[in-house]
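Quick notes on the structure that follows.
Model, not experiment: these values are computed from the prediction.
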Amino acid sequence: MYNIIRSLNYQTRRDNFTYILLICIVAFAALMFYADFDAGLYPDGLTGSAVTSMLGDMGVIGAGAVTVMMTARICGWDFNDKTINYEILAGHDKKSVFWGRFTVAFVWVTLMCLALISLPVILCTAMNGWGYNAELKGVLVRLVLVIFPIFRTVCEMLLLTFIARNCYASMLVGWIGFEFGVIIAMMPKELFGSDLDLSLLFSSSSLMGVLSYTNYSIGYVDGKDVEIFETALSQLKLYGTIGINTAAGLLCLGIAYLIFKKRDMA
């Protein structure tokens, strides 16, 4: 499996798709930040806490695009050029081929998503300080929790890719499903004004629940009005994010392995 991981790492590093995807996401996020930034509510400028409070939709779209597309690319590219069985013909068993792809996809996706979310915060903190818009401890907890919806999405995309056996079809269907989850989770509140929380039902809405800061109060700091966002999560949201996403991810991973093990992948 080690040689498979090395090969996939090399392939991903040399793939122009990886860098084009990152450039597009960074450019899109920068445009959204510029459009949403209200200097009146952030008198200290783009501090670390200000950027954190603005992540929300931008973080979900960026992390979602990376997870859906990179997982499909890493796990399904060899289906498109009909080379998926080369590793098996070279003497590797299906178990090594499967877990090698999952390992590479999960590590690449997790590191890329955490970098996309945290690097703007780190950069703005270095330039302008942390600020007063959010508590650092609560933000760090949410950053760790991001890993669980990402794990679930990787597992779901792995399953979808091995069913479709086409990385581009998997990207399309996976992205539609990712967005669909967010829309369904928002419907009770948007359509009926209900407080029913469906965010834990889907990986995308679970990620939205972790990255979005919806509750805030107006504080008075150094003679200026400042939005102060609530970073603490309820026990249900905290442990639900960990437990439900882990369980759903493992279920998809198990089904994907059974499909991969029994089906001819050519």
Side-chain angles (χ1 to χ4, degrees), residues 25 32 52-72 75-76 102 105-106 109-110 112-114 116-117 138-139 141-164 169-216 229-259:
I25 290 173
M32 290 190 69
T52 299
S53 68
M54 295 167 61
L55 281 174
D57 293 343
M58 289 168 279
V60 173
I61 292 172
V66 165
T67 308
V68 167
M69 297 186 185
M70 286 300 296
T71 304
C75 298
F102 167 74
F106 180 65
V109 165
T110 301
M112 289 173 70
C113 288
L114 291 178
L116 282 171
I117 294 168
V139 170
V141 170
R142 287 178 179 246
L143 185 62
V144 172
L145 288 178
V146 162
I147 296 172
F148 295 93
I150 289 173
F151 168 75
R152 178 178 174 180
T153 309
V154 169
C155 295
E156 291 170 346
M157 285 303 303
L158 188 71
L159 173 58
L160 178 60
T161 302
F162 287 149
I163 290 174
S170 301
M171 289 178 195
L172 177 61
V173 176
W175 183 249
I176 293 173
F178 189 86
E179 289 293 308
F180 181 77
V182 174
I183 294 171
I184 292 297
M186 293 174 60
M187 285 180 64
K189 183 176 181 179
E190 297 295 327
L191 296 182
F192 310 110
S194 171
D195 292 329
L196 180 64
D197 187 357
L198 300 179
S199 62
L200 294 177
L201 291 179
F202 307 98
S203 55
S204 54
S205 56
S206 184
L207 184 62
M208 174 74 80
V210 172
L211 290 178
S212 296
Y213 299 84
T214 55
N215 297 322
Y216 67 92
F229 289 84
E230 177 61 52
T231 60
L233 294 168
S234 67
Q235 296 292 309
L236 175 61
K237 181 65 72 70
L238 175 64
Y239 294 111
T241 298
I242 296 172
I244 293 175
N245 285 291
T246 300
L250 290 174
L251 177 62
C252 291
L253 195 61
I255 296 172
Y257 178 67
L258 291 175
I259 291 174

Backbone of Ala248 reached by a side-chain donor or acceptor of Arg152 within 3.5 Å = no
Side-chain donor-acceptor pair present, Ser205, Ser199, cut-off under 3.5 Å | no
Rounded to the nearest 0.5 Å, how far apart are CE of Met171 and CG of Leu160?
-> 11.0 Å
Leu159 side chain near Cys155 side chain, heavy-atom distance below 4.5 Å | no
If we only count heavy atoms from C-beta on, is the Ser170 to Met157 side-chain gap below 4.5 Å?
-> yes
Judged by modelled atom types alone, do Glu179 and Ser204 share a side-chain donor-acceptor pair under 3.5 Å?
-> no
Distance, nearest 0.5 Å, that separates CG of Leu200 from OG1 of Thr241 = 5.0 Å
Kindly compute the distance separating CG (Leu253) from OG1 (Thr246), expressed to the nearest 0.5 Å.
-> 11.5 Å
Please examine the side chains of Ile25 and Leu116, heavy atoms only from C-beta on, and report whether any two atoms are closer than 4.5 Å.
-> yes
Working for side-chain contact (heavy atoms from CB on, under 4.5 Å), residues Leu158 and Tyr257 = CA-CA 9 Å; Leu158 188 71; Tyr257 178 67; over 6 Å; no
Where Gly64 and Leu207 come nearest, the two heavy atoms and their spacing | N-CD2, 4.5 Å
Check: Leu143 and Ile117 side chains under 4.5 Å, non-hydrogen atoms = yes
What is the minimum heavy-atom distance between Ala72 and Thr161, and which atoms define it?
-> CA-OG1, 3.7 Å
From Phe229 atom CZ to Ser53 atom OG, the distance as rounded to the nearest 0.5 Å = 4.5 Å
For the pair Asn245 and Phe151, evaluate side-chain contact (heavy atoms from CB on, under 4.5 Å) and give the outcome as yes or no after the intermediate values.
-> CA-CA 8 Å; Asn245 285 291; Phe151 168 75; 6.0 Å; no
Taking the side chain as C-beta and beyond, is there a heavy-atom pair between Glu156 and Phe178 under 4.5 Å?
-> no
4.5 Å side-chain heavy-atom contact, Leu145 and Leu238 = yes
Straight-line distance of Ser206 OG to Lys237 NZ, nearest 0.5 Å | 7.5 Å
Might you point out which heavy atoms bring Val66 and Cys113 nearest each other, and give the distance in Å?
-> CG1-SG, 3.8 Å
Nearest heavy-atom pair of Thr110 and Phe106: which atoms, and what distance?
-> OG1-O, 2.7 Å
Stepwise side-chain contact (heavy atoms from CB on, under 4.5 Å) check, Arg142 with Leu233 = CA-CA 8 Å; Arg142 287 178 179 246; Leu233 294 168; 3.3 Å; yes
Indicate yes or no: at least one non-hydrogen side-chain atom of Val182 is less than 4.5 angstrom from one of Phe202.
-> no
What do the steps show when you test Phe102 against Val154 for side-chain contact (heavy atoms from CB on, under 4.5 Å), and what is the final call?
-> CA-CA 8 Å; Phe102 167 74; Val154 169; 4.2 Å; yes
